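Because only heavy atoms are used, hydrogens play no part in the values below, and waters and symmetry mates are left out as well, while side chains stay in. Note that this is a predicted model, so its numbers are computed, not measured.
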Amino acid sequence: MRRQNPFLKFMLYLLFLVLIYVLCTAHMPFMLFGYHIDLLPCIPAAIALMEGPAWGGLFGLLTGVLYDTGFIGVDGLFPIYYLLFGILAGAVSLRFLRRMFPSMLLLSMCGMLVLSIIRYGFAMLLTDGMPFALVFQSMCGEILVAAILSPLIYFPVRGIARKFDRML
């Protein structure tokens, strides 16, 4: 019986995270139905579902750091948000959810909705005074696009998790 190698699993997850980050932030306009494709929030949700709160928090933190390096926002808030999201998603997963696609979809969409509401409250409402109806339309469109494309995140993460589960 082989021993599980957590470093190799970490590196595979990290490589996948960086690959998705590069694809989502490339200078080419990746859009679907007129909405920006953002699959990064699905990664901490999928890893938290498969591995629990510690791994979810770790990859939430890494996702937040990548957000901070590539997007405009308040420095340091994305790593904190995604760290807390990964821990909470992992804790909820252990207690209430099964390791299947609808569970990851639920976690991802809830995380994206909360982040969008926070962005609206702190950025768009306070500085720009944007009406909620326009922001809500954009928010729902981006969440719908992420929901449609989230199997591209779930199945590779599940494959990595299952590969290492068999090694135990």
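- In the hydrophobic cluster analysis, where Ile, Leu, Val, Met, Phe, Trp and Tyr join through side-chain heavy atoms closer than 4.5 angstrom, L61 is grouped apart from V92.
- L94 and L88 are assigned to two separate hydrophobic clusters, defined by single-linkage of ILVMFWY side chains at heavy-atom distances under 4.5 Å.
- One hydrophobic cluster, built from ILVMFWY side chains closer than 4.5 Å, cannot hold both V65 and L40; they sit in different ones.
- Linking ILVMFWY side-chain heavy atoms closer than 4.5 Å, directly or via other members, places L97 and I43 in a single hydrophobic cluster.
- Contact between Y67 and P41 at its shortest, heavy atoms only, is OH-CD, 3.3 Å.
- Side chains of W55 and K9 form a contact here, defined as non-hydrogen atoms less than 4.5 Å apart.
- In this view, I87 and P53, L83 satisfy the side-chain contact (heavy atoms from CB on, under 4.5 Å) rule, not counting sequence neighbours.
- Counting heavy atoms from C-beta outward, Y82 and L115 have side chains that approach closer than 4.5 Å.
- Separating the CD1 atom in I47 from the OG atom in S93 is a distance of 12.0 Å, to the nearest 0.5 Å.
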Decide yes or no on side-chain contact (heavy atoms from CB on, under 4.5 Å) for E51 and Y13, but give the supporting numbers first. CA-CA 11 Å; E51 305 292 343; Y13 282 142; 2.7 Å; yes
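- Counting heavy atoms from C-beta outward, M100 and L49 have side chains that stay 4.5 Å or more apart.
- The shortest heavy-atom contact between E142 and M112 is O-CE, 4.0 Å.
- The closest donor-acceptor contact from the side chain of S108 to the backbone of L105 lies at 3.5 Å or more, if one exists at all.
- Remark: F7 pairs with N5, M11 by the side-chain contact (heavy atoms from CB on, under 4.5 Å) rule, at least two apart or across chains.
- Residues M109 and I20 share a single hydrophobic cluster, defined by chaining ILVMFWY side chains whose heavy atoms lie under 4.5 Å apart.
- Side-chain contact check for V114 versus C110: every heavy-atom pair is 4.5 Å or farther apart.
- Remark: F85 engages no residue in a ring pair (Phe, Tyr, Trp, His ring centres under 6.0 Å) (not counting sequence neighbours).
- The CG atom of L62 lies 7.0 Å from the CG atom of L66; values are rounded to the nearest 0.5 Å.
- F10 and L58 get closest at one heavy-atom pair: CE1-CD2, 3.5 Å.
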In residues 143-161, what donor-acceptor pairs under 3.5 Å come from side-chain atoms, sequence neighbours left out?
residue : atom : partner : partner atom : Å
S150    : OG   : A147    : O            : 2.9
Y154    : OH   : R99     : O            : 3.4
Y154    : OH   : F101    : N            : 3.3

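- Grouping Ile, Leu, Val, Met, Phe, Trp and Tyr by side-chain contacts under 4.5 Å, direct or through others, leaves L15 on its own.
- Clustering of Ile, Leu, Val, Met, Phe, Trp and Tyr by side-chain heavy atoms under 4.5 Å joins I80 with L84.
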Evaluate F78 against T63 for side-chain contact (heavy atoms from CB on, under 4.5 Å), listing each step before the verdict. CA-CA 8 Å; F78 283 119; T63 301; over 6 Å; no
